[in-house]
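Quick caveat, the model's predicted, so the values are computed rather than measured.
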Amino acid sequence: PIPCVPWQSQTSGHLHGGLSPQIDTLDHIMGLDRVQEVPHEGPMCDLLWSDPEDRCGWGISPRGAGYTFGQDLSEQFSQTNGLTLISRAHQLVMEGYNWCHDKSVVTIFSAPNTLA
């Protein structure tokens, strides 16, 4: 299965990529059929390719798949699901990690030196 939400604690959700405009709860994510080819659009694509951005709302992703999502959307998702933190990966950050959206979203990239 694709690691969309490999695990969650009581106050944090751990995503591979980011949020989707078609998903508003962790239960909805867990209900997805994850044994499939990654589609070019839709919630599975979004969960794998979407990235946070310093703006409000949804935006077109420069990746050509998924979306960018603003702080308002990460706050709404967190509030709906009782989360205080969304941790994610799948985005190069040279420092190894990057906080955004008032430290409610963290991107962790475990091997930035492999791309240097």
Side-chain angles (χ1 to χ4, degrees):
I2 295 171
C4 291
V5 177
W7 61 278
Q8 74 183 75
S9 68
Q10 289 187 341
T11 60
S12 61
H14 310 280
L15 303 165
H16 177 79
L19 303 178
S20 172
Q22 298 179 37
I23 293 180
D24 57 1
T25 67
L26 292 172
D27 287 339
H28 187 183
I29 295 171
M30 298 306 288
L32 292 173
D33 176 13
R34 296 184 295 159
V35 181
Q36 61 174 289
E37 292 284 327
V38 178
H40 295 286
E41 59 185 25
M44 284 293 291
C45 175
D46 302 341
L47 292 170
L48 293 170
W49 293 104
S50 294
D51 297 312
E53 190 171 66
D54 292 329
R55 59 176 302 230
C56 289
W58 297 104
I60 303 295
S61 174
R63 295 179 184 270
Y67 295 88
T68 60
F69 58 95
Q71 182 173 340
D72 58 327
L73 298 170
S74 61
E75 287 175 354
Q76 180 181 356
F77 186 84
S78 292
Q79 183 176 21
T80 298
N81 293 284
L83 304 175
T84 58
L85 176 67
I86 296 171
S87 66
R88 56 180 298 278
H90 204 83
Q91 185 177 16
L92 175 62
V93 288
M94 292 308 293
E95 300 81 18
Y97 68 95
N98 182 59
W99 291 99
C100 62
H101 299 178
D102 287 335
K103 292 196 171 185
S104 66
V105 177
V106 65
T107 298
I108 301 168
F109 192 81
S110 61
N113 293 333
T114 61
L115 300 174

Which atoms form the tightest heavy-atom contact between L83 and F77, and what is the distance?
CD1-CE2, 4.1 Å
Considering non-hydrogen atoms only, spot the tightest contact between P52 and T107 and give its length.
CG-OG1, 4.4 Å
Taking V105's backbone N and O only, do any of them form a donor-acceptor pair with N98's side chain (distance below 3.5 Å, no angle check)?
no
Minimum heavy-atom distance D51-R63, with the two atoms named:
OD2-NE, 2.7 Å
When rounded to the nearest 0.5 angstrom, what is the spacing between CG in L32 and CG in D27?
11.0 Å
ring-ring contact (aromatic ring centres under 6.0 Å, His included) pairs touching residues 34-63, sequence neighbours excluded, are W49-H90, W58-Y67
Using side chain to side chain contact (heavy atoms under 4.5 Å, CB included), reason through I23 and D46 one step at a time and then give a plain yes or no.
CA-CA 9 Å; I23 293 180; D46 302 341; over 6 Å; no
Can you measure from NZ (K103) to CG (L85) and round to the nearest 0.5 angstrom?
11.0 Å
Nearest atoms (heavy-atom pairs only) where P39 meets C45:
O-CB, 3.3 Å
Check whether S50 reaches the backbone of G66 with its side chain - one donor and one acceptor, N or O, closer than 3.5 Å.
no
Contacts of T25 meeting side-chain hydrogen bond (donor to acceptor under 3.5 Å, both in side chains) (sequence neighbours excluded), chain-then-number -> none
Look up atom SG in C56 and atom CZ in F69, then write down how far apart they are to the nearest 0.5 Å.
13.0 Å
Which pair of non-hydrogen atoms, one from Q22 and one from H28, has the smallest distance, and what is that distance?
O-CE1, 3.1 Å
Keeping H101 on the side-chain end and V106 on the backbone end, is there a donor-acceptor pair under 3.5 Å?
no
Distance, nearest 0.5 Å, that separates CD1 of I86 from SG of C100:
9.0 Å
Residue pair N81 / D24: nearest heavy atoms and the distance that separates them
ND2-O, 3.1 Å
Backbone N/O of G17 and side chain of R88: donor-acceptor pair under 3.5 Å:
yes
